[in-house]
Amino acid sequence: MEETAAKAHRLSMENREKASLFGILDVYSFDEHQVLLSTSAGELSIRGKDLHVNRLHLEQGEVEVEGKIDSFLYSDGGLKRQKEGPWLARLFR
């Protein structure tokens, strides 16, 4: 809990093309459509197209994402399971 309190969460976005995030605790996964993060404000899913993690400094709790950003979704848990999705959908990819 001390680590969460020490890292204030902040997000800034420029023209839906570049997001700078602070207060990042962990990066679960990332690909060109989704970035899954753990922040001091909860778990965060960033969705879009052609997403790239350009800067990643977990020691400082900083991440920079570029691409066409469509959404930010905060959750209190369960994003890792959400990424997996239903087994039937994964079967037919």
Side-chain angles (χ1 to χ4, degrees):
M1 195 65 167
E2 282 180 31
E3 185 177 9
T4 302
K7 292 184 179 182
H9 180 58
R10 188 176 76 218
L11 181 151
S12 71
M13 183 169 57
E14 298 174 30
N15 299 322
R16 288 182 60 187
E17 295 173 353
K18 180 179 176 183
S20 298
L21 300 105
F22 303 88
I24 304 303
L25 305 175
D26 197 6
V27 177
Y28 296 135
S29 66
F30 58 90
D31 61 31
E32 63 185 30
H33 301 290
Q34 182 174 15
V35 179
L36 298 175
L37 307 165
S38 174
T39 76
S40 57
E43 293 182 348
L44 173 61
S45 170
I46 304 170
R47 291 184 181 234
K49 295 178 184 138
D50 299 321
L51 298 178
H52 302 280
V53 175
N54 285 341
R55 187 172 47 120
L56 174 61
H57 295 286
L58 283 181
E59 295 81 24
Q60 290 85 22
E62 300 175 11
V63 173
E64 185 177 279
V65 176
E66 287 189 359
K68 183 179 183 292
I69 299 169
D70 292 330
S71 69
F72 293 95
L73 175 66
Y74 285 91
S75 172
D76 289 332
L79 286 179
K80 286 191 271 188
R81 289 185 299 276
Q82 177 183 340
K83 170 129 173 78
E84 295 171 1
W87 69 272
L88 191 57
R90 291 192 318 263
L91 182 65
F92 292 106
R93 283 189 194 177

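Positions are given from 1 along the sequence.
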J.: Given Val63, which partner from the list Val53, Leu44, Asn54, Val35 fulfils the side-chain contact (heavy atoms from CB on, under 4.5 Å) test?
T.: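 Single side-chain contact (heavy atoms from CB on, under 4.5 Å) partner of Val63 among Val53, Leu44, Asn54, Val35: Val53.
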J.: To the closest 0.5 Å, what do you measure between CG (Leu56) and CG (Leu21)?
T.: 11.0 Å
J.: Which pair of non-hydrogen atoms, one from Lys68 and one from Leu51, has the smallest distance, and what is that distance?
T.: O-CD2, 3.9 Å
J.: Determine the minimum heavy-atom distance between Asp70 and Gly48, stating which atoms define it.
T.: OD2-CA, 3.5 Å
J.: If I compare all heavy atoms of Thr39 with all of Leu25, which pair ends up nearest, and what's the gap?
T.: O-CD1, 3.7 Å
J.: Indicate the atoms forming the closest heavy-atom contact of Ser40 with Ala8, along with that distance.
T.: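 Nearest heavy atoms, Ser40 then Ala8: OG-C, 3.8 Å.
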J.: Hey, could you give me each pair passing salt bridge (Lys or Arg N to Asp or Glu O under 4.0 Å) that has a residue in residues 49-62? Not counting sequence neighbours.
T.: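 Checked against salt bridge (Lys or Arg N to Asp or Glu O under 4.0 Å) - neighbours excluded - the pairs reaching residues 49-62 are Arg55-Glu62, Arg55-Glu64.
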J.: Taking the side chain as every heavy atom from C-beta outward, state whether Ile46 and Phe30 have any atom pair closer than 4.5 Å.
T.: no
J.: For the pair Arg16 (side chain) and Ile69 (backbone), establish whether a donor and an acceptor sit closer than 3.5 Å, ignoring hydrogens and angles.
T.: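 Looks like yes, one N/O pair under 3.5 Å.
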J.: Taking only residues two or more places apart in sequence, or in another chain, which ones meet Asp26 in a side-chain hydrogen bond (donor to acceptor under 3.5 Å, both in side chains)?
T.: none
J.: If the condition is side-chain hydrogen bond (donor to acceptor under 3.5 Å, both in side chains), which residues does Lys18 pass it with, not counting sequence neighbours?
T.: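 Per chain and number, Lys18 pairs via side-chain hydrogen bond (donor to acceptor under 3.5 Å, both in side chains) with no residue.
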J.: OG of Ser20 to CD of Glu14: how many Å apart, nearest 0.5 Å?
T.: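 Going from the OG atom of Ser20 to the CD atom of Glu14 covers 6.5 Å.
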J.: Please answer whether the main-chain N or O of Phe22 pairs with a side-chain N or O of His9 as donor and acceptor at a distance below 3.5 Å.
T.: yes
J.: Pick from Ser29, Ser45, Ser71: which one makes a side-chain contact (heavy atoms from CB on, under 4.5 Å) with Gln34?
T.: Ser45
